[in-house]
Each structure stands twice: as C-alpha cells, then as structure tokens.
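Input: a single structure, listed below in structure tokens.
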Amino acid sequence: MCFQIRHLATLSKYAGIGFIAGAVNHGMFSEQRSVITAALGVIFFLIGAYLENRSTGGETVSWGDVLGFGILSSIGLGFFTGGLQHFPDTPQRSVWVVPFGFFLSLVSLYFGNSSPRASARGVILYALGGGALLVAACVAAVGFFSASAPHGDRHEDGGAHHHVLDEDAGARTVVIEMDDSLRFVPAHWEATEGEALRLVVINSGKVRHELVIGQENELTEHAKRMREGSQDHHHNDSAVSVEPGQAAVLGWTFTTPGIWGMACFEPGHFEAGMVGHITVASKHSH
Ligand SMILES: [Cu+2]
C-alpha cells in the first residue's frame, strides 16, 4: 500500500502546486475563479502532504506543520513555478513573483521540516546568495524579454513626436503602440478639449490587445465588473480591439478636460498595469 499512497500523495501535491501556479498566471487572483483555483490548490497540497506523512510512517508530523507550513510551502512553490512559466508573457510580474516564491518555500521548508534543523548560518547564506542570484537572473530575464518582445521597428523618440498632423481629415493623428510587455507607448500624452483626434492603434505583440478610453473611474469600474465575471465586454465607440500584428484607427474627441485613462481589458492586462493616461487641456486656456 505504501507505494500506492506515496504516488497518490505526489499527484495530489503537484496538482495543488499546479493549481496555484495557474491562478498566479491567469489574472493573478484578479478573478473569483482564480482565487477558487488557488484555494483548491492549497487543499490538494495539504491532502498530498498528509498522505505522504502517513505513508512514510514512524516520524509523527504535527498538524501545525502540515497546515501552517504546508500552506506557505504550496503558495511559495505555486508562485515560483507559475512565475517561471509565464515569464515571457508577463516579465514585470514574474520579476517579483519568482523570488517571492523562492523565499516563501525556503522559509516554509526551514521551519516546517521535521528532520534535524539545518544550521541557521548556512540557511541564511544560502537564502542571501541564492536569492541574490535569482533576483539578478530575473532582472536580466526582464531585460531580455522586454527587448526581444516582438515589435520589430519600434522607434524610441521619447514619445513626444508620435503626433503627426493629418491635413486631409483635419484631425491630429496620435500613434499608440501596444505590445506584450503590457504597456501603451506612449503611456502618457496630451490633447485639448474638443480637438478632433485620429488614434492609430498598433498591436505589435503576439496576443490581442485593446484600447479603451474613459474617465479613470469608469475604467476602474469596468475592470471591477469584468473581475466579477460580467460578460459585458462592451465595445462601443470608446474602444478598439486589435489582433496581433494589426492596426486600427479610432476617431476620438475629448469632450471634457481633465485626466483621462487608457486601458486594456484583455484578461489580466489591466491588473498587470496595461493602463495609461491623457491630460486633456481646457480649450479656454488657449
Ligand atoms: Cu492588452
């Protein structure tokens, strides 16, 4: 029986870690579903840890260890593996998720381990040295994935010269680029109340992105509704969805001055920081 139980225990523990990793990747707990997935992951992990302790027999492990440090350890491993898995898609998030998972799993193993305790000095050296290496590797990976993100001919001109006058339409053209680093370029730009704008929205990433313009509180509301599972993914005249490698044009005029927001509501993008803002000056101030 021992072997069979050990196998079940292994399956259960890894399934648990997989669930937590999945929840980290898919929206980073921004949706109810991913929170449930993560909770299930913790439960699976605990069942696995319990079975494992039983099958190894002999040494008794206290429930406190299984519960307290099992939870910590499953979350740590889930963050670590989930962060690694989606590094190319969301480097800005993985850069902290991966080291966080490393430290969490380390702490849980150190304090939860029933076997003779390792020397504190050795563990601290390992944590600092290993942690520093890991953080350095993550930062390097962010640089790599941001630089190699698929946007062939981005021109870095500080974002100030993206504005080109379109004489035919009498509208000012603003080019806004979106890519898989989940940023708008430029992320901040300026306009004037009542000014006719022609927004050229380019998706140079490999996944779909969208540009939704609205007052900042409207955008936050929209994000909240989507987290609550609303299907009301309204695509009206203030939004444009662009497939990878495509571009779209949106005619737009700001009717009131102030700070307006831009956002992408593809799952997880808003939460990962795919937002920007537009400062709209009052036309009377000119
Ligand atoms: Cu997006």
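Atoms within a ligand are numbered from 1 in the order they appear, just like the ligands themselves.
Shown are the protein N/O/S atoms under 2.8 Å from the Cu ion (ligand 1), given by residue and atom: H209 ND1, C264 SG, H269 ND1, M274 SD.
Cluster membership for L104 and I17, using ILVMFWY side-chain heavy atoms within less than 4.5 angstrom, is not shared.
No side-chain donor from either of T279 and E190 sits under 3.5 Å from a side-chain acceptor of the other.
Partners of E216 under the salt bridge (charged side-chain N to carboxylate O under 4.0 Å, His left out) rule, at least two apart in sequence or in another chain, do not exist in this structure. Scored by the side-chain contact (heavy atoms from CB on, under 4.5 Å) test, A140 finds no partners at all (sequence neighbours excluded). H209 is linked by a side chain to side chain donor-acceptor pair (under 3.5 Å) to D180, H269, counting only residues two or more places apart in sequence or in another chain.
Using cut-offs of 30° and 60° for the angle between ring planes, the F265 and H222 rings count as tilted.
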